[in-house]
Amino acid sequence: MDLRVLGCHGGETPRHRTTAFLIDERLAIDAGALTSQLDLSDQARLDTVIVSHSHLDHVRDLGTIADNRAQLDCGPLTIAGTKGTLAALRKHFFNDLIWPNFERIPSLEEPTIVYRELPFETPTKVLGYDVTVAAVHHTVESAGFLINDGNGVVAFSGDTGPTDRLWELLDATPNLKALVMEVSFPNEQQALATLSGHHTPNTLIKDLHKLKAPEDLATMLYHIKPAFQSDVEKQCAKLKGVNLHVLKLTDQFIL
Ligand SMILES: [Zn+2]
Ligand SMILES: [Zn+2]
């Protein structure tokens with residue numbers, strides 16, 4: 001699996017991009033930085049975007065990529081996610097008010113986007129991958145994903161604070177290669193992290209130790225708030241018994 005980081009931050013500046021990961025050029029996880037980081041030919045090559053939840057920093061570029069693709073002869077883009085997330089996108093984003101309903105553009109017969117619901121915990125084929133959805137804890141319905149390409153599994157936490165089921169599913173997964181894991185705020189901002197359903201290094205280390213062997217799992221951190229980037233990195237560097245890497249926009253991995 002070729003995993004490329006397009007966006008890995010909890011906010012945007014010229015040096016920070018909101019969440020988006022590209023797998024083998026055709027599958028994206030979240031849409032925070034699809035059009036800012038991919039040129040038109042790469043946008044046209046995408047087949048499916050799996051969205052973790054409905055928050056704007058994870059869905060925003062669905063709007064701009066749909067608009068671009070409506071002018072390219074590349075077929076519909078599949079937007080996959082849980083029932084609640086897709087319902088929010090239909091009602092609050094592609095609603096002919098905030099943005100056009102690209103399910104009907106240019107026509108119902110040839111839409112620019114199609115939705116695909118992913119059930120919780122039942123492995124579902126998406127392109128060539130088995131995708132398992134794990135419910136996590138955030139302020140809206142939010143999902144983590146276990147993506148199995150047949151050679152191994154790469155997991156994405158989605159936006160979440162302390163949670164349980166994700167760790168149970170990961171412990172039950174053979175050949176787990178890496179976890180892309182959220183952490184957002186420094187320990188001093190615990191109240192804000194709790195209120196907004198995110199992790200600090202203090203809650204992150206407690207959650208990672210719900211795994212039987214957290215030190216064996218390559219854990220790649222994303223969603224740090226730009227204002228707190230150096231504080232969170234320093235605090236994460238002190239965490240013990242884990243195998244952490246803070247993601248950068250230039251990161252690309254063969255997993
Ligand atoms: Zn969120
Ligand atoms: Zn977010």
Side-chain angles (χ1 to χ4, degrees), residues 3-23 28-37 49-65 79-94 98-99 118 120 133-145 147 154-166 179-186 189-201 203-204 207 219-229 231-233 236 244 246-249 251:
L3 173 66
R4 183 176 156 199
V5 174
L6 303 178
C8 57
H9 301 108
E12 186 177 83
T13 77
R15 292 181 297 109
H16 301 84
R17 289 278 182 275
T18 51
T19 307
F21 304 101
L22 186 63
I23 294 174
I29 309 293
D30 282 337
L34 297 181
T35 49
S36 61
Q37 297 288 73
V49 183
I50 298 177
V51 287
S52 60
H53 66 302
S54 58
H55 277 161
L56 193 63
D57 57 320
H58 300 255
V59 304
R60 46 184 277 179
D61 282 10
L62 294 176
T64 43
I65 198 170
I79 299 173
T82 59
K83 187 174 184 177
T85 294
L86 298 188
L89 286 172
R90 275 198 172 103
K91 184 173 180 188
H92 299 294
F93 190 1
F94 292 105
I98 295 293
W99 204 238
L118 299 177
F120 285 100
V133 179
V136 292
H137 281 90
H138 196 40
T139 55
V140 295
E141 182 171 294
S142 185
F145 304 105
I147 314 269
V154 176
F156 298 81
S157 69
D159 279 15
T160 185
T163 194
D164 290 312
R165 188 62 185 146
L166 175 67
L179 167 65
V180 179
M181 178 67 206
E182 93 116 88
V183 62
S184 297
F185 293 100
Q189 302 288 330
Q190 186 59 57
L192 188 53
T194 301
L195 186 70
S196 58
H198 287 296
H199 274 294
T200 62
T203 59
L204 173 69
D207 251 35
T219 303
M220 305 193 275
L221 301 176
Y222 80 102
H223 210 278
I224 298 171
K225 296 288 181 184
F228 300 123
Q229 183 85 34
D231 292 348
V232 174
E233 285 192 24
C236 285
L244 303 181
V246 176
L247 286 174
K248 302 185 296 294
L249 289 180
D251 277 340

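Order of listing sets the numbers, starting from 1, for every ligand and every atom in it.
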* Can you check whether His223 and His9 have ring centres sitting under 6.0 Å from each other? ->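 No - the distance between ring centres of His223 and His9 does not fall below the 6.0 Å cut-off.
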* Asked: To the nearest 10 degrees, how large is the angle at the Zn ion (ligand 1) between His55 ND1 and His53 NE2?
  ->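 Between ND1 of His55 and NE2 of His53, at the Zn ion (ligand 1), the angle is about 100°.
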* Starting from the Zn ion (ligand 1), look over the N/O/S atoms of His138 and name the nearest one. =>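 Nearest to the Zn ion (ligand 1) within His138's N, O and S set: NE2.
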* About how large, to 10 degrees, is the angle OD2 of Asp57, then the Zn ion (ligand 2), then OD2 of Asp159? ->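 Reported to 10°, the angle equals 170°.
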* Indicate if the distance from the Zn ion (ligand 1) to the nearest N, O or S atom of His198 falls below 2.8 Å. =>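 So His198 does not bind the Zn ion (ligand 1) by this criterion.
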* Any N/O/S of His58 under 2.8 Å from the Zn ion (ligand 1)? ->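 Under 2.8 Å: His58 has no N, O or S contact with the Zn ion (ligand 1).
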* Asked: Any donor and acceptor pair, going by atom type alone, linking the side chain of His199 with main-chain N or O of Gly161 inside 3.5 Å?
  ->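 Answer holds: yes.
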* Short side-chain to backbone donor-acceptor contact, Tyr222 and Thr18, under 3.5 Å ->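 No, the answer is negative, given that no donor and acceptor are paired below the 3.5 Å cut-off.
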* Asp207 CG to Glu182 CD distance, which is reported to the nearest 0.5 Å ->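 If I round to the nearest 0.5 Å, the distance is 10.0 Å.
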* Asked: What's the verdict on side chain to side chain donor-acceptor pair (under 3.5 Å) for Ser157 and Thr160, showing C-alpha distance, side-chain angles and the deciding distance?
  -> CA-CA 7 Å; Ser157 69; Thr160 185; over 6 Å; no
